[in-house]
Amino acid sequence: QVQLVESGGGLVQAGGSLRLSCAAFGFTFSSSVMGWYRQAPGKQRELVAAITSGGSTNYADSVKGRFTISRNNVRNTVYLQMNSLTPEDTAVYYCHTISGAYWGKGTLVTVSS
């Protein structure tokens, strides 16, 4: 069974940091392109960051310099380190296997002003 399980969301004040984790099960994680997406209420889901099997990364302009995506192929886990958070980052964050069309259930990040 393919499964992506996000964790690490929560409530944080503006300027704070959170680290999201996504544990993957049921597919060959090490060869998969992985991404983090987010969706705020009333808005479209958007790509936040992506990472290839080789470690190349791509970021939305809104998070460049603040967020870092990484992966551990031994642990079958992808991470999103989020620093200097602002209320505009408030959303449900989803882990996604871009190369395989799998989605996690999401983890809520709320940033207070």
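No hydrogens, no waters, no symmetry mates; every other heavy atom, side chains included, goes into these values. Every value quoted in this text rests on a predicted model; they were computed, and no experiment measured them.
For the residue pair S99 and S32, the shortest heavy atom distance occurs at OG-CA, 3.4 Å. Between E6 and K105 the shortest heavy-atom distance is OE1-N, 3.0 Å. The shortest heavy-atom contact between L18 and L85 is N-CD1, 3.9 Å. The shortest non-hydrogen separation linking S113 to A14 is CA-CB, 4.4 Å. In terms of heavy atoms, A49 sits closest to L80 at CB-CD1, 4.2 Å. Considering all non-hydrogen atoms of both residues, Y94 and G104 come closest at CD2-O, 3.6 Å.
Counting only residues at least two apart or in different chains, disulfide bond (SG atoms under 2.5 Å apart) contacts with residues 32-74 are absent. Pairs engaging residues 56-105 under the disulfide bond (SG atoms under 2.5 Å apart) rule: C22-C95 [sequence neighbours left out]. Screening residues 53-84 for disulfide bond (SG atoms under 2.5 Å apart), with sequence neighbours left out, gives no hits. Among residue pairs with one or both ends in residues 28-77, none qualify as disulfide bond (SG atoms under 2.5 Å apart); sequence neighbours excluded.
Hydrophobic clustering, with ILVMFWY side chains joined whenever heavy atoms are under 4.5 angstrom apart, groups M82 together with V12. Linking ILVMFWY side-chain heavy atoms closer than 4.5 Å, directly or via other members, places L108 and W103 in a single hydrophobic cluster.
Clustering of Ile, Leu, Val, Met, Phe, Trp and Tyr by side-chain heavy atoms under 4.5 Å joins V5 with F25.
Atom CD1 of I98 is separated from atom CG of L47 by 5.5 Å, given to the nearest 0.5 angstrom. A distance of 8.0 Å separates CD1 in I51 from OG in S56, rounded to the nearest 0.5 Å. Atom CE in M34 sits 10.0 Å away from atom CG in N73 (nearest 0.5 Å). Going from atom CZ of F29 over to atom CZ of R75 covers 12.0 Å, rounded to the nearest 0.5 Å.
At distances below 3.5 Å, at least one donor-acceptor pair connects side-chain atoms of T107 with backbone N or O atoms of G9. A donor-acceptor pair is defined here as one N or O able to donate and one able to accept, closer than 3.5 Å; no such pair exists between the side chain of R71 and the backbone of V33. Between the side chain of H96 and the main chain of Y102, a donor-acceptor pair closer than 3.5 Å is present.
Judged purely by distance below 3.5 Å, without hydrogens or angles, the side chains of N83 and S17 pair a donor atom with an acceptor atom.
For CD of E88, the number of neighbouring non-hydrogen atoms (other residues, nucleotides, ligands) closer than 6.0 Å is 12 at most.
Outside the 6.0 Å centre-distance limit, the rings of Y37 and Y93 are not counted as a close aromatic pair.
In this structure the side chain of F27 never reaches within 4.5 angstrom of the side chain of Q3, judged on heavy atoms. With contacts defined as side-chain heavy-atom distances shorter than 4.5 Å, the pair V48/Y59 does not qualify.
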Distance-only criterion, 3.5 Å: show the donor-acceptor pairs between side-chain atoms of residues 61-69 and protein atoms not counting sequence neighbours.
residue : atom : partner : partner atom : Å
D61     : OD1  : K64     : NZ           : 3.1
S62     : OG   : R38     : NH2          : 3.4
R66     : NH1  : S84     : O            : 3.0
R66     : NH1  : D89     : OD2          : 2.8
R66     : NH2  : S62     : O            : 2.9
R66     : NH2  : D89     : OD1          : 3.0

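Paired with Q39 under the rule side-chain hydrogen bond (donor to acceptor under 3.5 Å, both in side chains), one option of Q44, E46, R45 passes, and it is R45.
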